[in-house]
Amino acid sequence: MPELPEVETVANGVNDRVRGQRIESVWLSSKPQTFKTPAAEMEQDLAGCRIIQVRRVGKHIVFDLENGDARSGVLLQWIVHLGMTGRLLVCSPEVPLPAHTHAVLGLSSGRELRFVDPRRFGRLAIFRMENESVEPSHQSTAQGFQGPGQEPLSIALADFQKLFRGRHLPIKSALLNQKLLHGVGNIYADESLFRAGIRPKRIAGRLRKAELERLHVSIQTVLREAIKLGGSSVSDYVDADGVRGFFQLQHRVYMRTGQPCLVCGTPIRKIVLGGRSTHYCPHCQR
DNA sequence: CATGTTTCCTGACAGC
DNA sequence: TGCTGTCAGGAAACAT
């Protein structure tokens, strides 16, 4: 299940392979729920565009596109959300199309960019923004696609603390809420809470200042470490090369139910919180 | 408005 | 062996 580190890894890998190329052909499957933008419209929009760059915003992969019509002043973005089982692959057209392929972009390099998603929790969309050249004295303030939440790797401590003020829900549920914080999913929520020594069901608004400080640090540490290792390969996540990440070897609680805590030896406990399996050490996390 | 619950989807795996 | 049932999970939609 791709979270921030996996999405970052995929986005970087895809960026290296497709940056600067033109989209010469577009094929989309007929599974309407995959397309937040109607498929016909998306096809029209993507065809002929040049890919300026590919980057991560939250758990979304954003393709910044130039549509070749400079006068239109429109910057298009292709937004890819991998959901649980989505993959982006760059390969030769000769490689047989895997089952559950939902999008194939033919590139000027002669290779194809493919979106494959068996479980269809992934989503594709076009984001359109006006080019903000209206204020020539200022740098463009155009951000393009932005989720409603904050980026965990750059949020300041004070803003981080503010996110949870007055919230009456378990801290883990708050961490998973993308409207608050981007990119933290089930694995990294559990791992961060373990490293911060906080029980997942503690009420977010009742955490002490010192605990939020620890959590702020541990989220960033865990995410950065995971990015360095290429993400976690838990079920079927692979990067753009089809290579698996290695962060799962660093998991201290996730999927370690019953195994001894690596700090104190107490068996790791598993509960269900907000419909998500949740792992923690009952001794180390209070 | 803030939270909680249900829904979407298929592969993997357990149990008979 | 092969079938059936259960589970996983991001985030939107819906309910409370």
Side-chain angles (χ1 to χ4, degrees), chain A residues 1-11 29-39 56-62 79-88 97-103 115-125 127 145-152 162-193 200-207 219 223 226 231-238 242 244-245 247-248 251 253-258 270-280:
Chain A
M1 50 227 81
E3 302 180 27
L4 186 149
E6 292 78 26
V7 176
E8 173 108 3
T9 304
V10 172
S29 77
S30 52
K31 301 291 183 188
Q33 63 273 50
T34 301
F35 306 100
K36 289 175 85 172
T37 304
R56 176 194 66 78
V57 174
K59 290 183 197 170
H60 301 265
I61 297 167
V62 176
I79 313 297
V80 176
H81 193 294
L82 299 174
M84 285 206 31
T85 54
R87 297 189 196 186
L88 279 174
L97 273 193
H100 312 294
T101 299
H102 295 108
F115 176 68
V116 181
D117 183 17
R119 230 168 276 187
R120 282 195 263 153
F121 275 34
R123 294 293 180 264
L124 305 179
F127 185 91
F145 173 82
Q146 288 279 80
Q150 303 258 4
E151 278 292 325
K162 229 179 279 176
L163 285 182
F164 306 109
R165 203 163 292 163
R167 301 219 171 248
H168 281 267
L169 79 171
I171 182 62
K172 176 170 175 183
S173 303
L175 290 179
L176 292 180
N177 185 344
Q178 303 297 304
K179 287 173 185 157
L180 297 178
L181 208 57
H182 279 171
V184 178
N186 211 31
I187 298 172
Y188 298 107
D190 282 4
E191 293 297 319
S192 301
L193 287 167
K201 55 187 171 201
R202 288 279 301 284
I203 297 304
R206 301 222 179 105
L207 290 177
I219 288 174
L223 292 176
S232 302
S233 293
V234 170
S235 49
D236 34 25
Y237 156 76
V238 287
R244 297 168 65 87
F247 188 74
Q248 68 279 9
H251 292 175
V253 288
Y254 187 77
M255 290 294 273
R256 293 195 66 247
T257 311
K270 175 179 165 178
I271 58 172
V272 174
L273 206 167
R276 300 283 175 273
S277 56
T278 297
H279 314 75
Y280 70 99

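Computation of the quantities below employed the complete heavy-atom set of this structure, encompassing side-chain atoms and omitting hydrogens, waters and symmetry-equivalent molecules. Proteins come first, then strands; the chains are lettered A, B, ... in the order of their sequence lines, and each starts at number 1.
Atom NE2 of His81(A) sits about 11.5 Å away from atom CE of Met84(A), to the nearest 0.5 Å. A distance of 10.5 Å separates CZ in Arg87(A) from OG1 in Thr101(A), rounded to the nearest 0.5 Å. One distance of note links CG of Leu124(A) with OG1 of Thr37(A); it measures 8.5 Å at 0.5 Å rounding. Rounded to the nearest 0.5 Å, atoms NE2 (His100(A)) and OG (Ser29(A)) are 11.0 Å apart. Atoms CD1 and CG, from Ile171(A) and Leu273(A) in turn, are 11.0 Å apart once rounded to the nearest 0.5 Å.
Using a 4.0 Å heavy-atom cutoff across all strands shown, Arg120(A) reaches sugar-phosphate atoms only and no base atom. The residue Ser173(A) sits apart from the nucleic acid: no heavy atom pair falls under 4.0 Å.
By the stacking rule of 5.5 Å between ring centres and under 30° between planes, Phe121(A) does not stack on the base of dA11(C).
Here the P atom of nucleotide dA12(C) and the CG atom of Leu176(A) are 13 Å apart, to the nearest Å. If you take CZ of Phe35(A) and P of dA12(C), they are 18 Å apart, rounded to a whole angstrom. The interatomic distance linking Asn177(A) (CG) with dG9(C) (P) rounds to 18 Å, in whole Å. To the nearest angstrom, P of dG9(C) lies 10 Å from CD of Glu3(A). Rounded to whole Å, atom P of dG9(C) lies 16 Å from atom CG of Asp117(A). Straight-line distance from the CG atom of Leu175(A) to the P atom of dG9(C): 16 Å, rounded to whole Å. Taking atom NZ on Lys179(A) and atom P on dA12(C), their separation rounds to 6 Å, with Å as the unit. Atom CZ in Arg276(A) sits roughly 13 Å away from atom C1' in dC7(C) (whole-Å rounding).
OP1 or OP2 of dA11(C) lies within a sub-4.0 Å distance of a side-chain N or O belonging to Lys59(A). For the OP1/OP2 pair of dG9(C) and a distance below 4.0 Å, the side-chain nitrogens and oxygens of Tyr254(A) include at least one atom meeting the criterion.
At distances below 3.5 Å, at least one donor-acceptor pair connects side-chain atoms of Arg167(A) with backbone N or O atoms of Leu163(A).
Classified by interplanar angle (parallel below 30°, tilted 30° to 60°, perpendicular above 60°), the ring pair Tyr254(A)/His251(A) is perpendicular. Below 30°, between 30° and 60°, or above 60°: for Phe115(A) and His102(A) the angle between ring planes is between 30° and 60°, a tilted geometry.
Residue side chain Arg123(A) does not reach the base of dA11(C) through any donor-acceptor N/O pair under 3.5 Å, judged by distance alone.
Within the structure, the salt bridge (Lys or Arg N to Asp or Glu O under 4.0 Å) test picks out the following pairs touching residues 170-188 of chain A (sequence neighbours left out): Lys172(A)-Asp190(A).
Here the range on DNA chain B touched by chain A, meaning any atom under 4.0 Å from one of its heavy atoms, is dT3(B) to dG11(B).
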Short heteroatom pairs, N/O only, protein and nucleotides 14-16 of chain C, under 3.5 Å:
none

